[in-house]
Amino acid sequence: MSSVQNIKINPDVIYQEVEGEVVLLNTESEKYFGLDSVGAKFWAIASETGNVNEIITRMYDIFDVERDRLTNDINILIKKMIDGGVLSGSAE
């Protein structure tokens, strides 16, 4: 499990859903990110709750995947998004 327990969307990020996918733009860094349909579902849930465990649980209820794999994939995505300035994270 990642040490990040809560995430917050960077206020400099704007996003648009396009045909089931999400395009993100950090207006400060001018970096673009694209999320496929699974990533778009992550984004929708993360927009509602910043609690990583709740995000994983809700995604587990939606997708037919092993929980360990889902947890690992979500933590990798969160790390990439934090590194890219899309999200910020905390251990609390």
CZ (Phe33) with more than 12 external heavy atoms under 6.0 Å:
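Enclosed.
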Would you say CD of Glu66 has more than 12 non-hydrogen atoms from neighbouring residues, nucleotides or ligands within 6.0 angstrom?
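Not buried by this count: 12 neighbours or fewer within 6.0 Å.
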What is the distance from atom [atom1] of [X] to atom [atom2] of [Y], rounded to the nearest 0.5 Å?
X	Y	atom1	atom2	result
Ile82	Asn75	CD1	CG	9.5 Å
Leu87	Lys8	CG	NZ	11.5 Å
Met59	Ile74	CE	CD1	4.0 Å

For Ser90, all residues meeting side chain to side chain donor-acceptor pair (under 3.5 Å), sequence neighbours excluded
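Once residues adjacent in sequence are excluded, Ser90 has no partner under the side chain to side chain donor-acceptor pair (under 3.5 Å) criterion.
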Transitive ILVMFWY side-chain link [X] to [Y], under 4.5 Å:
X	Y	value
Phe63	Ile56	yes
Leu77	Leu25	no
Ile76	Val38	no
Phe42	Ile62	yes
Val23	Tyr15	no

For the student: nearest non-hydrogen atoms of [X] and [Y], plus distance:
X	Y	result
Val13	Gly85	CG2-O, 4.0 Å
Leu24	Val86	CD1-CG1, 4.0 Å
Ile55	Thr49	CD1-O, 3.6 Å
Val22	Ala40	CG2-CB, 3.5 Å
Ser29	Gly84	OG-O, 4.5 Å
Thr57	Arg67	OG1-NH2, 3.0 Å

Partner set under side-chain contact (heavy atoms from CB on, under 4.5 Å) for Ser37, not counting sequence neighbours:
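Partners of Ser37 by the side-chain contact (heavy atoms from CB on, under 4.5 Å) criterion come out as none, since no residue qualifies.
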May I ask you to decide if Asp68's main-chain N or O and Asn72's side chain share a donor-acceptor pair within less than 3.5 Å?
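Looks like no, no N/O pair under 3.5 Å.
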Please check: side-chain N/O of Asp12 versus main-chain N/O of Glu28, any donor-acceptor pairing under 3.5 Å?
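Flag not set: sc Asp12 to bb Glu28 has no pair under 3.5 Å.
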Enumerate the salt bridge (Lys or Arg N to Asp or Glu O under 4.0 Å) contacts for residues 69-79, please, sequence neighbours excluded, ordered by first and then second residue.
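The answer is Arg69-Asp73, Lys79-Asp83.
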